Amino acid sequence: MFTSILCLGGIGLIASLTLGFAAKKFAVEVDPREAAIMDALPGANCGACGQAGCSGYAKAVAEGRLAPNLCTPGGSSTLEAIAAILGIEASAAEPVVAVVKCQGDNEKAMPKYQYLGLTDCNAAQKIADGPKACPGGCLGLGSCERICPFDAIHINDKGLAVVDRNKCTGCGKCVSVCPRGVISLAPKSVTTHVLCNSHDKGALVRKYCQVGCIGCMICKKTVPEGYVIENFLASVVYEKPEGIETAIGKCPMKCIHDYATPAQKTAVEPDSAA
Amino acid sequence: MVTLILILISAVFVNNFVLARFLGICPFLGVSKKVDTALGMGMAVIFVMTVASVVTWFIQYFILGRFGIEYLQTIAFILVIASLVQLVEMVIQKSSPVLYQSLGIFLPLITTNCAVLGVAVLNIQKSYSFLESVVFAIGAGLGFTLAMVLFAGLRERIDLSPVPKSFCGTAVALVTAGLLSLAFMGFAGLVKG
Amino acid sequence: MSLKTFAGGLHPPDSKSYSEHKAIEACPLPEELVIPAMQHIGAPAEICVGKGDLVKKGTVIANAKGFVSVPIHASTSGEVIAVEPRMHPSGKLLPAVVIKPDGEDAWDESLKGGNPDDLDAEALKKKILACGIVGLGGATFPAHVKLSPPADKKIDTLILNGVECEPYLTADHRLMLEESERLIDGINILRKVLGIERAVIGIESNKPDAIAKLGKECIAHKIEVVPLEVKYPQGAEKQLIDAVTGRQVPSGCLPMDAGVVVQNVGTAAAVSDAIRLGHPLVERIATVTGPGIKEPKNLKIAVGTPLQHLVDQCGGLVGEPGKIIMGGPMMGQTQLSLEAPAIRGTSGLLIFRKEDIDTREAGPCIRCGRCVSVCPIHLQPTLLAAYARLDLIDEAESANALDCIECGCCTYICPATLPLVQSIRYAKGGIMAKRRKS
């Protein structure tokens, strides 16, 4: 009885003393803030901050090389946590979400040719500038869906990319992978968007798409402050969103869309509604 | 000499720790996504198993055996192995950051790995001599590495194939592990005992 | 007797009977010629004429820009009616010169020929560049670049590519039969430029008449004629070198590293015209064929002739067109419409009907290994395609994706109709992008 206690206790004592000694002797300096910041980050390793992963960003912030507000997926809560760790004041960037500026799915937009190749937008874009007649429209081959770390963008059954605004964190990965630049980041508070990406003239747009912007200026005439027309394509002025939704009904091509209206949501996004 | 070779072959192929004794399944499934990491893990296991079996052999015969408290074997071994691995980790982290980068991250995984404890206990059960237990430990480690690398190679190939959605990830890995284990059954009977 | 060839490759039905016995016909000039500035591998030429300019046949309309580039010439005399982006065979709108022919087809008087014996190698090379000679096999690589090997590379053999391994095409075949004098003269000039003796013409054995004719005529000029087994892609440079000389061109190297320069037979004939007559490369022989063409023909066309005009010359279309290919069926460029013009690299125009086209959806790889056994470079196309699909660019690089010659054998043979070449091309693009970054 005593022997066993003594023996095991002895072994334990020797082991703990050795470990204690080693911990002192072989200690390696680690910035505790780095680990704390790492815990505060979402851990999705999405790369929105420009670093390879969250650990790289945590290190950079702890060393003061990068600003603490670059983590878009984390949003304001992460920023507050990091600011508390570093003991600084930081202003939150406004939350953004990705917007797919196209409504031309397989039923509404014309194809240029029958594409039988690799299921990847970047590969398809290399062949005669993509299989869609519209030079800016969504190709629907899902490169954005595959790259999204948050499962927030999907190709619906009609071959159009649709963003789930609740899941989207605005990391911008889909924006950079899209070969046609049809996805862009916009403030989450602005829910009305012109969903078209074609700079072609109106007559040409009508030929290949039923819902493309023809640059008719009606939206700008309705809300002069809220819209700009550039190269036959209207877009919303994000800084002045007052009253832009009044132009929705006026658009002859029905390409202005409000994400806040559930009725229209079901009409345009059958996937996310289901 | 012949006995030592037989012990080695038996530990690597016939009674492979992962695929025949089913010890150390956790790291086998956990760090077998890439051949490189699998190899690193395997090397770490070979090292730890050898050192652990040396230390536990002395503990068994010079402390537990002498005082007649063999029934405390498991607890004593766990205690020793865990602190030993911790010690090795600290030393490596300080002395060789490069080695720590490639090997160190696996060490905490091995701390309480049942494969390591298994080697130590089996050494005593089979009443191996000191030299035999060292060879057995190296063989067990090699067998573990072999299984890891083979399995990682298979998983790399699986990643390239269009696996049905419901089978993706762990499901298909487990099926593969089963098949690999079945394949190793083919070595049964190669070495007597 | 077994004929010389290379390892790998395959033998698709060659379908040359549509046009192989049709003599070369001159194609009348169309209403307007569309001559793109981008007609060769390398930097596009810089257009140097404007709207309203009068040009003669052979007048320079675009200057070479850089070493790997050639000038472009007017294909007939007439007026420049526009310089604007037009449909290019690549499916994009690219800058082009539009010429309205005046019907006289008069050569520019400033172009003068000469006797190649009076000129040295440098002068000949300059003339070849000035005449805009590019490889006429389809790749359109500027000829003067191939003829200027660095001093440390010892060239001992000139191989003339008369293989024409692409199915359907018969332009080179007819050229060898009907214009062998120009061809042999061109070979003699090329030998002089390179300063070497040995010249070999490689011809596949499905052209016995060409082998017999050239075999007879070449004896006097000490040019060897080598019959080769019928196999695709024997016309690819590295495969042809292997077949003819038994030498292997190492990965990432050029034919000159094996001591060989390869030129197409059509290029040799164009070189003869450039030196003897001073005529730049403004016309070429192209095969207009396929089941969708009423009357397949071998035509001598002016560069810039719209494809629609070629179809009209061949009696029009049969049935509903399903696929239009410029070049051969294996490596040719699929066209969106007949709007694009024929360019210097247009070795043929191939039209299939809707019912000739296989539009099955690609299935999963069944790991049959056929793509591996046919690959003439001995790559693993299925593995490379999987890497491409998963964006594993580093892995694709270490599996030698860059050595792929995009011959299309793997895609042709794949029972699951996987787009293997496209996937590998995608991976190659990724590797090049990565290299540019680092």
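All values below come from the heavy atoms of this structure, side chains included, with hydrogens, waters and symmetry mates left out. Quick caveat, the model's predicted, so the values are computed rather than measured. Residue numbers begin at 1 in each chain, while the letters A, B, ... track the order of the sequences.
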Under the criterion side chain to side chain contact (heavy atoms under 4.5 Å, CB included), I'd like the reasoning laid out for B:M90 against A:L19: C-alpha separation, chi angles, the key distance, then a yes or no. CA-CA 9 Å; B:M90 281 185 227; A:L19 279 182; 3.8 Å; yes
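Within the model, atoms CG of B:L79 and CD1 of A:I14 stand 10.5 Å from one another, a figure rounded to the nearest 0.5 Å. Note: B:I75 CD1 to A:S4 OG = 10.0 Å, rounded to the nearest 0.5 Å. Distance check, rounded to the nearest 0.5 Å: CZ of B:F77 to CD1 of A:I11 gives 9.0 Å.
Partner of A:C7 under the side-chain contact (heavy atoms from CB on, under 4.5 Å) criterion, out of B:L64, B:L72, B:I69: B:I69 alone.
In A:F2, the CZ atom is not crowded: 12 or fewer heavy atoms of neighbouring residues, nucleotides or ligands sit closer than 6.0 Å. Other residues, nucleotides and ligands place no more than 12 heavy atoms under 6.0 Å from the NZ atom of A:K59. B:K33 NZ: 12 or fewer foreign heavy atoms inside a 6.0 Å radius. Crowding of B:Y61 atom OH: a count of heavy atoms from other residues, nucleotides or ligands under 6.0 Å exceeding 12.
Closest non-hydrogen pair, B:K94 versus A:K25, comes out as CE-O, 4.4 Å.
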